Amino acid sequence: MSTQILLVEDDLALRQALKQSLEMDGFIVDSASTLREARTFLQEDLNKKLPLSRIVIVDLGLPDGDGSILVRWVRDHSALPVLIISARQDDHSKVHLLDLGADDYLVKPFSINELKARIRVALRRQSPIAADVRDLHIGELEISLTRHLVKRRGVKVHLTPTEFKLLAKLVRQSGKVVTHRQLLLEVWGEEYVEHVHYLRLYMAQLRSKLETDPAAPELLLTETGVGYRFCEPGSFAG
Amino acid sequence: MHPILFFNKSVGSLVAPAAVWVILWLLLLVLDDALSLGNLALLMVLANAVASMWLRPTLSVVTSAVAVTVFNWSFVPPRFTFAVDIQQDVILLITMLVVSIVTSYLMELKRRAIDREAQHQLQARLAQEHVKTQQLRNTLLTSISHDYRTPLTTVMSSASVIMEQAGRVPSEKICQLATLIFDQAHQLHRMTSNTLQLARLDSQSVHAQRNWESAEEILGTVYLRAQRNHPQRKLETKISKNLPLLYCDAILINQLLDNLIENALEHSQSHTSLLIIARYADNELLISVQDHGCGIPDEWKHRVFDIFQRVESLSAPADGGARWGIGIGLAVCRAIAEVHKGSIDISDTPGGGATVTLRLPVHEQPLHPSELPR
């Protein structure tokens, strides 16, 4: 079954360019230019009760309201992957939406390759077999969440329990952005969600243990103002 | 704030002076037996002076006249009549009235002076802001007409070659043209971000979103982005270990460093390398971007941070790295540094070239989580 994409974007030129490019890659692309259209479309989908392989891509600035309304609506009604397109780097609503369960985000202007990479990750997470990453080999690194083990060039790397928890959270969602809040909540708990400096210090430690060059990280990537991302295994070149 | 200015704001409100008078009369009744008539009168003059801070002068004079009359009726012997037994008490009553009137008048004078001063200050500020807004608008308009049209022309002409010559142009030529369009669009994107950021920072309505950030992390992101955009250039980093955390807006600092690196790459020949250095000294975090380009003449070292200043080098190198301070890139850098109470300056790279250094203040560090080695 080929993957269907609902593209919600009001700009005709961008809609056409993305649609064309995604169709060349074998996706079936439907598009909507308003919140209403998108909601009607998705409602019909839900009514059919068919197993669906669909991804929703939403621009936050739509003519009949903020795209965040649609993101919330989708989260309330289904588990479909949702990608956010936002126009501004410092748009804080996107962080909030990621916390609420949106899958990932892209800031305009983005390249079509970035978009495709995000779609790939979202698809992998949606598929029931591969949804849960537990063990992976990446470059010279071997990470096994089941055996609580990290090896670099065959040698065991010692991680503190907190470092391991942090790494595990990122690896389980590899390729996907994980917000500061989500990380702090998982590793330290509710009362620490504002302590972003914990993450800065622990990420530095993790990088010094796992990265070849901690100053130019290839595995543990920073998403400025949003969170962190463990690099998508397929994309790793080194 | 000036105390009288504070009172001045609530002129017309009667609650405060009424409260003063109620307290006074209660005090007078309580202290009636304990104090002499002269002392009671002084208390009343004091109350009148305080009350007149809120009252218009006419109302203040009327209140004091009424107050003196009631004081006469209730306290001056023979009590509970308007008659006055002793001649001295007449002088007391008249003095009370005169002092009260003079106080009211002085209060009003002071109030007017403060009003005038405030108005002058407001006008001066508005005029200053107006000039600044005009300057910025002119700059932005110049930017759009001057720096945007060139890349736009390149984009349009490249695209029209592809459109019109479709079947006849070899595919590698099409790829070249597409690359050109992509690069020019990237350049337009950078200029747009900078123009918007400068307008936003200048309006002062946008506050930086600060948080604890790691300089190493920010530099890592900036480095990776630069290396991805310029794979053919050699970038090196020299980052000290254990740098303190910065309390800053990471998105703004990213933009600043992107600009510095893009600028340095643009103004040095493609075979030369670029060095990014980060270190801590004297409560400051110093981040330098060092190139081996044509350098900046001393007299231009300050001016390149002004909007729309460029250095036209006398000996322009072959690959055209002669223009510095393209549009507003460096002006945005300075604005971002200033938002963070930091500074930015240019010096010579030993052996030739320019070194731009950003200095950011280091705040008291947050508490470490307990598990961390200290």
Side-chain angles (χ1 to χ4, degrees), chain A residues 17 87-92 94-95 107-114 159-166 180-181 184 187-189 191-192 194-208 211 213-229 231 235 237-238, chain B residues 182 185-186 188-190 192-193 196-197 200 206-228 235-255 257-258 276 278 363 365-374:
Chain A
R88 276 175 48 188
Q89 174 72 38
D90 54 354
D91 180 359
H92 288 272
K94 87 188 169 218
V95 182
V107 178
K108 287 180 190 172
F110 52 82
S111 75
I112 191 79
N113 289 335
E114 273 177 283
L159 296 184
T160 67
T162 311
E163 285 167 359
F164 190 84
K165 255 170 119 177
L166 185 59
H180 295 142
R181 193 189 156 81
L184 288 161
V187 180
W188 283 276
E191 63 266 47
Y192 295 96
E194 301 293 327
H195 291 45
V196 179
H197 62 277
Y198 284 21
L199 291 176
R200 307 291 178 220
L201 300 164
Y202 275 92
M203 288 304 289
Q205 287 178 190
L206 269 181
R207 281 182 178 135
S208 71
E211 296 278 1
D213 178 5
E218 293 173 300
L219 305 167
L220 299 157
L221 308 175
T222 310
E223 292 287 322
T224 308
V226 178
Y228 294 93
R229 184 192 301 274
C231 92
S235 73
Chain B
F182 188 90
H186 178 70
L188 281 167
H189 164 53
R190 270 190 56 221
T192 310
S193 312
L196 286 175
Q197 197 61 267
R200 230 178 281 156
V206 173
H207 295 285
Q209 293 281 338
R210 284 170 212 222
N211 213 328
W212 288 107
E213 304 284 349
S214 136
E216 191 182 31
E217 206 165 77
I218 292 176
L219 285 165
T221 319
V222 171
Y223 170 83
L224 287 178
R225 193 164 37 232
Q227 196 68 86
R228 201 175 53 219
L235 301 177
E236 289 167 288
T237 54
K238 207 167 95 190
I239 298 169
S240 303
K241 290 261 173 285
N242 299 319
L243 288 175
L245 293 180
L246 285 172
Y247 193 67
C248 66
D249 183 325
I251 293 175
L252 291 182
I253 299 294
N254 261 272
Q255 189 172 8
L257 296 171
D258 280 345
I276 304 161
H363 297 70
Q365 298 290 294
L367 285 178
H368 284 214
S370 51
E371 198 189 297
L372 279 176
R374 292 177 195 222

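Here is the naming used below: chain letters follow the sequence lines, and residue numbers restart at 1 for every chain. Just so you know, these numbers come straight off a predicted model, no measurement behind them.
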Between B:I253, B:I239, B:L245, B:T237, who has the most heavy-atom pairs with chain A when the cutoff is under 4.5 Å?
B:L245
Between B:E216, B:Q209, B:Q365, B:Q227, which has the largest tally of heavy atom pairs under 4.5 Å with chain A?
B:Q209
Are [X] and [Y] packed together at the side-chain level, in the sense that at least one heavy-atom pair is separated by less than 4.5 angstrom?
{"X": "A:Y228", "Y": "A:H180", "value": "yes"}
{"X": "A:L199", "Y": "B:W212", "value": "no"}
{"X": "B:I218", "Y": "B:C248", "value": "yes"}

Which of the residues A:K108, A:R207, A:E223, A:H195 is involved in the greatest number of heavy-atom pairs with chain B at under 4.5 angstrom?
A:R207
Closest-packed option against chain B by number of heavy-atom pairs under 4.5 Å, given A:A204, A:P217, A:G225, A:S208
A:P217
Exactly one candidate in B:I276, B:T221, B:L252, B:L219 meets side-chain contact (heavy atoms from CB on, under 4.5 Å) with B:L257; the answer is B:L219
